[in-house]
Amino acid sequence: MNTLLPAFDFQQVFIEPWTANAASSVWIVAMGFFVATACGLVGNYLILRRMVLVGDAISHSVLAGIAVAFLLSRSRSSGAMFVGALVAGVITTLLIEAIHKRTRVKQDSAIGITFTTLFAFGVVLISLYGGKVDLDQECVLYGEISNVPVMAAPLPAALSRVAAQVPVLKDAGIFWRGADLVAPPDVLRMAGVTLLVALLIGVFYKELLASSFDPGLAFSLGINATVMHHALMAALSVVVVSAFEAVGAILVIAMLILPGATSQLLSQRLPVILGLTVLHAALSAVLGLHLGTWLNCSIAGAMVVAGGGLFGLAWMFNTRDGIICRWARRSQQRSEAVPPA
Amino acid sequence: MRPRRAIPLLAAFILLACADAAWADRIGDLSQTDWREQAKRFITLRDPAVRYALAGSVLLGMSCGLLGGFIVVRKMALFGDMLSHAVLPGVALGFLWNMSKDPVAIFVGATLAGLLGAAAVTLLRRTTRLKEDTALGIVLALFFAVGICMVTRIQSLPQGNKSGIDKFLFGQAAALGADDVRLMAIVTALAVVLVCAFYKELLLTSFDSAFAASLRLPVAALHYGLMLLLAFAVVVALQAVGVVLVSAMLITPAAAAYLLTDRLHRLLLYAMLFGVLAGVAGAFVSFLGNNLPTGPFMVLAASTVFALAFLFSPRHGVVMRWWRRRAQAQRIQRENTLKAIYHVLEVRGFAHAHSVSLHELAARRQCAPDAARDEVMVLARHGLARLQPSSGTIDLTQTGWQRACEIVRNHRLWEWYLAHQVSIAPDHVHADAENIEHLLGEEMVCQIEHSLSGAGATSDPHGRPIPSRADMQRPFGTRAAADVVDTKGRMP
């Protein structure tokens, strides 16, 4: 049992990641941050619309789409993956609806049946043919976020020349390999997806707000609820598939729910909630790196555990209905209720 | 195949297999495997590992099916999903107890973790504004992440590397040993005994918890008891199915059973049967390849069973319902043709009954003569009418005539009922009667007839006579004109 917790070495856990290993830490944290932000922003709307379990289902079942895309294209090209995952996401929603509208099986069972079937299908494909493509069961479960920096590739030369003029960038050795500016393509792609999600939420803020909180009002404003629903599902599929490589198919659920749930405990204003989501994503990425370094375990898992720790803190200490405040209020009320002697 | 023929064939097959050369002792020893060889090994059950895998699959199918039945009728499917992910840290903890795959330690750890997860969901629901699905999702993801951290940590330890703890993620029935199977048997037996003992209470709380509470049944205690049994079922299935997919073994066989029956005891039996089927089929298929994970194959087998039930369940199956609806649409079409023939006859006062031509029918049905011919051919196939090829006239058989009278009678009785008993204006009753005439049951007809004769009426609100029971018994074409002719009531 004592071997489970390695000795805590402050130098190794908190200093070294940012000195000796900075070149990998930066990219791991950046990847974790982008994954958690993109997932968290989409996840907020899932929570508000009580569709968390649909998110759960889609994040499992994109595996089938990814596996099929891998086998057909024989490569890890991201285009094929996106298409495969989108198709899998659409099939999931259609199957769930078909099962629960056409039979007397309830929606929760329909969700459970659909995603486990597709997930099992994906795992079978990977275990049968996984040796031929670079994909294994562990990657499916908890991703390979620590491999992200290894894949750093040079950026276009023009960009390098521009960056060489910027003093801060010029001195940061981690971004350079010789005269080339390098960055892992996965991180860049995830950053792009995150920006896209943020942009879409900014543009359709009003529509999303209305259709999430008051579908009736949204309808009277001429907002098409079906389109919003399917757009959200599509965004969810894109986010899940781009996060897949880093955190796997199951930890994605945590990335979807935890930031949103934490911020919704702390505030009731949507703009504040979205801001807190980003903060939660950043904190859990950094803390997760340190936790994972200390315990020498899966860093993606550690990021989720760190995010869970933040959720626990919010649960305990938030000022409106946190457990501590509740308890304090109750004891105060009790003391007030006693008539003065 | 009949069993009598199958038994000698099976026996010959087993003898043939037994005559084969030496066997590899452990499955892991084989690097190259031939699926035929593997199938032979599986069916002959000579390998102890195969026997354990088979027994394990049967036991997990039973316990998962039994508890899954309650999950499905209580709409707690996603609770089962949460529970199955949440046991992972418990498995890792049980493994850490003495750094080995001790079944009892893992059982205790996993059960505790599952119950802790259930308690966390309840607590989150009670103390925050988060909705049930969010609470379930948080607990599922967080417990799973903690479990993943522990498992990867164990694998990075020197003695943990070859531990086989990763087999818990997707399951490996071939890794089951005698101790595992013994524990599984005990837990399954316990679950079966407890469910049998408290069957009535569980039935009542599952379907009508308010009534159960009014009978002073301990609803909450039963709920937590069921949670405990559920955790047991998850843990039993863990090693063979894997953490990630246990929930499928709970939900899918039971959902298939739910499509087949309305009675809970039958649902539980069917679910157990499907669970065992899926378990054995999955174990068999995964055994054919080398070191394939068992869980996904079991889940796919269960999904196949569900898909079959979804399509072909006699009452709820999609194909069956489509078939029934099509049959009904065709029946209605036939009845409408018969009714049209009746109307043609009625307009001419039932004279020259055998000379209804296709053209008259087509005019009445407002369709082309070819379409009318097709309709009559359909009637002929069902023994309701005959088409005289030479003259092109239509002849109803006795059954056809009776059915035609029945439909017209249903229609007019209903019109009379709506006009006189429900006081709907006579010009508003036709459309409704047009639909109900095909569906009116014998009992209803008798009731309306009774009130009809009580009121002394014999015709519908439009003045046309309602065919009586005596009319139906009369041979086609010999109807006395005096009975029916009421010149006022020509067709609208």
Side-chain angles (χ1 to χ4, degrees), chain A residues 1 3-4 47 50-53 55-56 60 98-99 102-106 108-113 116-117 119-124 127-128 137-138 141-142 250-251 253-258 260-261 264-265 291-292 295-298 300-305 307-308 311 315 321-323 326, chain B residues 71-72 75-78 80-81 85 96-97 124 127-131 133-134 136-138 140-142 144-154 156-157 166 169-170 244-245 247-248 250-252 254-255 258-259 289 292-293 295-300 302-303 306 310 313 316-318 321:
Chain A
M1 200 71 195
T3 49
L4 184 67
I47 296 174
R50 313 213 177 142
M51 280 166 39
V52 165
L53 296 162
D56 182 10
H60 276 84
I99 292 177
R102 282 171 184 265
T103 64
R104 59 186 193 144
V105 174
K106 306 291 183 302
D108 60 335
S109 300
I111 292 177
I113 294 167
T116 50
T117 305
F119 188 77
F121 182 63
V123 174
V124 163
S127 54
L128 284 180
Q137 295 172 12
E138 277 70 35
L141 282 171
Y142 42 84
I250 301 179
L251 291 179
I253 306 160
M255 298 283 186
L256 284 169
I257 308 171
L258 276 176
Q264 290 186 18
L265 282 182
L291 187 65
L295 295 179
N296 187 19
C297 66
S298 151
M303 283 179 178
V304 173
V305 173
F311 173 79
W315 185 16
D321 50 7
I323 290 184
R326 246 170 219 257
Chain B
I71 287 248
V72 167
K75 295 180 205 138
M76 282 174 20
L78 296 161
D81 190 30
H85 284 76
L96 283 169
W97 190 252
L124 271 177
T127 59
T128 66
R129 290 171 300 128
L130 296 174
K131 301 292 174 297
D133 61 337
T134 313
L136 282 175
I138 287 175
L140 177 159
L142 203 55
F144 191 75
V146 171
I148 285 290
C149 281
M150 292 171 82
V151 168
T152 47
R153 173 75 198 138
I154 289 172
S156 72
L157 296 176
D166 53 326
L169 292 170
F170 289 118
V244 187
L245 289 168
S247 65
L250 286 171
I251 302 169
T252 314
Y258 189 56
L259 290 176
L292 290 174
F297 285 103
M298 288 189 182
V299 172
L300 286 183
S303 304
F306 177 79
F310 176 73
S313 148
H316 302 284
V318 172
R321 275 214 316 245

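Only heavy atoms go into these numbers, but all of them, side chains included; no hydrogens, no water, no symmetry mates. First the proteins, then the strands, lettered A, B, ... as listed; each starts at 1. Just so it is clear, the model here is predicted, and its values are computed rather than measured.
Heavy-atom pairs under 4.5 Å with chain B were tallied for A:T103, A:N296, A:I253; the largest tally goes to A:N296.
For the residue pair B:T127/A:W315, the side-chain donor-acceptor check at 3.5 Å is satisfied. A donor-acceptor contact under 3.5 angstrom links the side chains of A:T117 and B:S303, judged on distance only.
The side chain to side chain contact (heavy atoms under 4.5 Å, CB included) search around B:T134 returns A:I47, A:V52, A:I257, A:A261, B:L130, B:K131, B:I138, not counting sequence neighbours. In terms of the salt bridge (charged side-chain N to carboxylate O under 4.0 Å, His left out) criterion, B:R321 has no residue partners (sequence neighbours excluded).
Only the side chain of B:D81 comes within less than 4.5 Å of a heavy atom in chain A; its backbone stays farther off. Only the side chain of B:L140 comes within less than 4.5 Å of a heavy atom in chain A; its backbone stays farther off. Interface residue A:M51: only backbone heavy atoms are found under 4.5 Å from chain B. Residue B:V146 touches chain A through both its backbone and its side chain, counting heavy-atom pairs closer than 4.5 Å. Residue B:M298: no heavy atom, backbone or side chain, is found under 4.5 Å from chain A. For a residue to count as touching a neighbouring chain, one of its non-hydrogen atoms must lie under 4.5 Å from one of that chain's; by this rule A:D56 touches chain B with the side chain only.
Between B:F310 and B:F306, the ring planes lie parallel to each other; the angle is under 30°, not in the 30° to 60° tilted range.
Within the model, atoms NZ of B:K75 and CG of A:D108 stand 8.0 Å from one another, a figure rounded to the nearest 0.5 Å.
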